[in-house]
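Throughout, protein chains are lettered first and strands after them, A, B, ... in sequence-line order, and every chain is numbered starting at 1.
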Number of protein chains: 2
Amino acid sequence: MPTTGRRERKKAATRQKIADTALRLFLERGYDAVGIRDVAAEADVAVTTLFSHFASKEALVFEQDDTFEQRLTQAVTDRAPDEPLIPALRREVHALVRHCTAEGSAPLYRMIDGSPALREYEESMRLRHAESLAAALAADPGLPQSTTACRTIARFVIDAYALAREAADPDAAVDEIFQMIEAAWEATHPAQGA
Amino acid sequence: MPTTGRRERKKAATRQKIADTALRLFLERGYDAVGIRDVAAEADVAVTTLFSHFASKEALVFEQDDTFEQRLTQAVTDRAPDEPLIPALRREVHALVRHCTAEGSAPLYRMIDGSPALREYEESMRLRHAESLAAALAADPGLPQSTTACRTIARFVIDAYALAREAADPDAAVDEIFQMIEAAWEATHPAQGA
DNA sequence: TTGTTAAATCCTAACCGTTAGGGTTACGGT
DNA sequence: ACCGTAACCCTAACGGTTAGGATTTAACAA
C-alpha cells in the first residue's frame, strides 16, 4: 500500500529526473549560470511541472534534506531510555557533519558556500529544523524544561552544525561547541543528577 | 568635514525619502501589495536609483538596522574595563528586545513576521551581525577564547534576541537564555575567577 | 568664469524566478 | 466502460533586479 500504483512511480521518477538533472547542470556550469528553463528543458518537463515538484530553484539543491530533520528528532526520540540528551545529539551532529564534509560531498558544499542565495536558503531551512527539534524536545516527558529552554537548545544544536561545518577541524569544533551546549543545558536543570 | 557638500546631503535626502515612502506604503497597503515600481513612483525616483541606495526590496524595511550591529559590538568594546562580558551583552540584548517590542514598533514587526521573505532576510542579516560580534569578541585581549568559542557565543547571543522577541514574556526569556549562555561561556574558561 | 571630472540620477529594455489560467492525457476506482 | 482527478503541458504574464548608456549637476581647478 505504500508504493502501489504506476502513477506514484511515474511521479517519483519525474521528480528524481528533475533533481538529478538540476544537480548535474549546477555542478557542471555553476548554480547561477543555469536557469530554471535550462533545467526543465534538459529534464524534458515543463517549467510548471518542475515547480509542482520543487518550491524554488534552491530547493532543487537540498532535494532530500528533510532526512536531516528526521535524523535530529529521531536522535532525541529513539535514544536509549537511559541515555542523556546532549551526548545523543552530539553523536548525531558528529555524523551529520562528517557526512557533509566527506569526499563526494565537497563540490556540492563548495557550490552552496559560493552562492549567497543558497547559503541564505540553507540557514532558513535549518531554522525550520530547529523548530522541529524544539518540538521533539518539548514532547519528551523526561525533560521538564520550559519551551524557551527547548527552543534555545534546539537553536544551539543547529548552530553547532553550521559552525562546525565551516571550522578548520569540524570534529574538534563539534566537541568544543557541545561542551558549551552541555553546560547551557545543565544550567536549566535544578541539578537533577546530584 | 563629515557632511560637507550639497551632493552628499542631497543623496542622503533621496535615500531617506525612498525609505520613508517605502515604509509608509508597506504599512498602509501591506508589504506584498506594494511593488518596487510603486515605491519608486511615489518617491519620485527611478527604479535604478532606488536600487543604487538599497540592495533589495527587503532592505528597504531594515533601513537603519546596522545600528543593531554597532550596538552589539560596542556593548563588548565599550564596556567598563572590569565588567564581565556576558552581563554586558545581556543588558544590550534586553534593550534591543525592549526597543522592538515597544508600542510604536508593533505594526512594523507584525508586518515582518507576516512575510516569509522578510523573516528570511532578517535572519540572514542577524547572522552577519553575529559574525561582527564574533570578530569583536576575538579582538578583545581580555578574552583568550578560541575563534570557535567566540563565534559560538556570538550566535547564541543572536539566538537569544530572536527567541526572546517571539516569547510570551520577552524580558524573562532574555534572562532565561542568558543564564544558559553564561554557563556555556564559563565552560570555555579553565575557571578564571576561582 | 569656464571647463573638466565624476557622481547621482534617469530611461528603456530586458533577464530570470515564479505563478495564473486553462487545456490535455492517462491512471485508478467504480 | 466510465468518470473523476492527478500529473502534466503551454502560453503569458508578474515582480524583483540589472545592464547599457544618456543626462544632469555638484565639486574643483585653471
Heavy-atom contacts, protein to nucleotides 17-30 of chain D, under 4.0 Å, summarised as B (base), S (sugar-phosphate only) or - (none) per nt, yield BBB-----BBS---
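- For D:dC9, the OP1/OP2 oxygens have a side-chain nitrogen or oxygen of A:Thr49 closer than 4.0 Å.
- Contact check on A:Glu182 versus A:Arg90 returns no salt bridge, with no Lys/Arg side-chain nitrogen under 4.0 Å from an Asp/Glu carboxylate oxygen.
- B:Val34 comes within contact range of the sugar-phosphate backbone alone, with a heavy-atom separation under 4.0 Å but no base atom that close.
- Of the charged side-chain nitrogens involved, none lies within less than 4.0 Å of a carboxylate oxygen, so that A:Arg119 and A:Glu123 do not count as a salt-bridged pair.
- Under the 4.5 Å side-chain contact rule for hydrophobic residues, B:Leu127 and B:Val76 do not share a cluster.
- For the pair B:Ser52 and C:dA8, the criterion of a side-chain N or O lying under 4.0 Å from OP1 or OP2 is not met.
- Checked for salt-bridge contact, A:Arg165 and A:Asp113 meet the test: a charged N lies under 4.0 Å from a carboxylate O.
- Put simply, the residue from A:Gln16, A:Lys17, A:Arg24 that forms a side-chain hydrogen bond (donor to acceptor under 3.5 Å, both in side chains) with A:Asp20 is A:Gln16.
- Between B:Phe62 and B:Phe68, the ring centre distance reaches or exceeds 6.0 Å.
- Put simply, CG on B:Leu50 is 10 Å from P on C:dC10, counting in whole angstrom units.
- No contact: B:Asp38 has no heavy atom under 4.0 Å from any strand.
- No donor-acceptor distance shorter than 3.5 angstrom exists from the side chain of A:Ser115 to the backbone of A:Ile112, with no hydrogens or angles considered.
- To the nearest 0.5 angstrom, A:Leu23 atom CG is 13.5 Å from A:Ile18 atom CD1.
- Note: CG (A:Leu60) to P (C:dT18) measures 9 Å, nearest angstrom.
- A close approach under 4.0 Å does occur between a side-chain nitrogen or oxygen of B:His53 and OP1 or OP2 of C:dT9.
- Checking side-chain atoms of B:Arg15 against main-chain N and O of B:His53 turns up a donor-acceptor pair under 3.5 Å.
- Between the C1' atom of D:dG16 and the CD atom of A:Glu120 lies a distance of 14 Å, rounded to the nearest Å.
- Near DNA chain C, meaning a heavy atom under 4.0 Å away, the residues from residues 11-32 of chain B are B:Lys11, B:Thr14.
- Spacing between atom CZ of A:Phe54 and atom C1' of C:dT19 amounts to 18 Å, rounded to whole angstrom units.
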